[in-house]
Amino acid sequence: MSGTNVANLPRVDAREKVLGATRFAADVAPNRIAHAMTVPSSLPKGRLISIDTAAARALPGVLAVLTHSDLTGVKSAGYLADGGYGFQSHQPMLSDRIVHRGEAIALVVAESLPIAIHAASLVVATYEAEPFTAMMDSPGADVQAFPSGVSIGDAGAALAGAAYTIDAEYFHPAQHQNPMELISTTAEWRNGDLFIYEGTQNSGSLKFGVARALGMEPSRVHVSSPYLGGGFGQKNSLQSQTVLVASAALAVGRAVKLVVPRAQLFHTASFRPASRHRIRLGADADGRIVAAHYSADQQNGRQDAFNAPFGEIAARLYAIADFTAEARGIRTDTQSPGFMRAPFEHPAAFAFESAVDELAYAAGRDPLAFRLANDAVSDPVTGRPFSSRHLAGCLQIGAERFGWEARQPEPRSMRAPDGTQLGLGVACGAYKASISPAIARLRVGANGTTRLSLSGHEMGQGIRTAITAALLSRLDIDPDGLSVTIGDPDAAPQHVTAGSWGTASAVPVVDLAVDRFLAAFDELRGESTVGGNLHQALQRLRRPYIEVEARHRAPGQPEVIFDRLRQGLPGAGGPDYPDFVSFSYIAHFVEVHVEAVTRRIRVPRVMSVVDCGTVMNRRTARSQMLGGVVWGIGAALREAAEIDPRYGGALNNDLAEYLVPVNADIGDIQVEFIDQPDTRLNRSGVKGLGEVAMVGVAAAIANAVFHATGIRVRDLPIRIEHLL
Ligand code: MOS
């Protein structure tokens, strides 16, 4: 009973999106909805002395103004990495404490959004200020120890004996995700049950986190997140405003919606923290990298321990026998930083792949040949085999398509026809191949319908399309009767969709459910032959439907991992599995032009080749790749939070001043897929693509800028003034 060829299935939600029919969370508008606006703290740290809400309350149309005195009994849902559900452990408005600039001190609810905004501006607070730390190098930044990173061999001794060494420090600024869809919550109470509509990568954490915060039975909290307009890690857990909006809805007895303004998100949602990377590398006379010492400092908040495992991917890129990596947190007074697309891998690859380039020049080697000569055949950290690794293939295919051969090795030796300096750079990337536990329910009906419910969140990456393709490729069902429910913990337990494990978790569990279904169908059919599609066959066999359930988890994980899934807790496995280690790999080739007088940097072309295991869908995969490369260009040349040391917080907290690439900044981007299934990792052979796509892009650009100009820029973003 085989289905259609769906390897190039158009996005299943494309038409709806183009028509504007897709309902994102903030599009949901229950009857008599009221609108909320937060009042942000203008103080970075200290205590609220008074808060005067009288003028706000007196404004016609205002329904309520909540402050911390209205939220007695509400608790923090805890920190994601610490057994809790929130992006940080600090829940604003539970006391008079202020721990970061911009946190909510009051929530206004009104008949309309303009009234809510106006009323919020009328709330007057007085504060008792405390000294605060704005940046990593500000007074009061203290050190937080992290568990040791990587320790193999004796890096110190190997460095001392190396023929060529480099010792350099790289800086990566704080950056902020800016998904098109703002963070929002719409909450409604019906008969004592709470309904939350919020675009989240982790509807399970919302369900259980809100229940914990409000002291409710989780079964009475219902969360729906069928579509996100971008997640990127910022929406990976319970946000600050969710319980506030739920409390407000209870207080006013109506549905309440809050869309957090973009300017506030810079101070209320997680972000990529600043980091400093000192890298010492050594190579022998034959051009083999023999030693690496990688020590990093990463900005943190005061509340939580957001770890900094930069060395974990750096140690997997090459066969380096002696490798030490260590990292520390540097605590500042901000909201807790967190995961942002390739959270450790992108900064690590910028630093490490810049350093490898510097070492290649120091050793007099071609940067491409140098990388190929140092390829690893087994995992240097654990000694285990890789489940699959085609990094050399990525480099070779990329070099050929890009035309690396035409590169003249000397920096400053190439010019574009118009006289601008031309540079060609290469860099590699890797990203762990993880799998989260998943449960799928599949029901095929004689009435022409098919219902599939499973864990997953559609952020625009195309997971609905991958799921649909997996089902249609094996079952002869009516596609028009198919409904796929994801992002709904009441339909199937929901795990956070992040870490590039979405497809590698969803597709195998769908495959398993199909196996179960076909086994049940064969048993029902017995010896009889029935024609037609599965719905017609069920009709003839007089069976209204067949329903099956399947579970899938990472290799080596125990059965109890499903308990974590059922409680909305993270439970993904990898990249270290009992018998192997799994990563996706990528190679990027970049051409830059640097204008002689203005020193403006352009990126006319990029060639990226990825090894992500099976490519489930070429359209969505290509789109992921383009997005990753564009983001890498932004990270290399545009993005940075400009922190105000006097008051804390980002000064450029809007899309006018927080610079990202625009169409005019993007040239020709070519992408290629190795497309070799990794069936040791999972039956579908999928390793993951979303994050590896951007890993290494910034280094390839920095390396190309060096080749063009002879100037090694070790601070991102690379600015005109670096090249004057
Ligand atoms: Mo991603 S930063 O793991 O959503």
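Just so you know, residue 1 is the first one in the sequence shown, and it goes up from there. Whatever order the structure lists them in is the order used to number ligands and atoms, beginning at 1.
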Please give the N or O to N or O pairs under 3.5 Å between ligand 1 and the protein, distances rounded to 0.1 Å.
from     : atom 1 : to   : atom 2 : distance (Å)
ligand 1 : 3 (O)  : G499 : N      : 2.7
ligand 1 : 3 (O)  : E691 : OE1    : 3.4
ligand 1 : 3 (O)  : E691 : OE2    : 3.4
ligand 1 : 4 (O)  : Q201 : NE2    : 2.9
ligand 1 : 4 (O)  : G233 : N      : 3.1

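D379 and R316 are joined by a salt bridge, as a carboxylate oxygen and a charged side-chain nitrogen come within less than 4.0 angstrom of each other. Checked for salt-bridge contact, D715 and R276 miss the test: no charged N lies under 4.0 Å from a carboxylate O. Of the charged side-chain nitrogens involved, at least one lies within less than 4.0 Å of a carboxylate oxygen, so that K207 and D490 count as a salt-bridged pair. In this structure, R328 pairs ionically with D297, as a charged nitrogen and a carboxylate oxygen lie closer than 4.0 Å.
In summary, of the residues considered (F344, F352, Y294, F171), a ring-ring contact (aromatic ring centres under 6.0 Å, His included) with H277 occurs for Y294 alone.
Checked against salt bridge (charged side-chain N to carboxylate O under 4.0 Å, His left out), E312 has no partners two or more places apart in sequence or in another chain.
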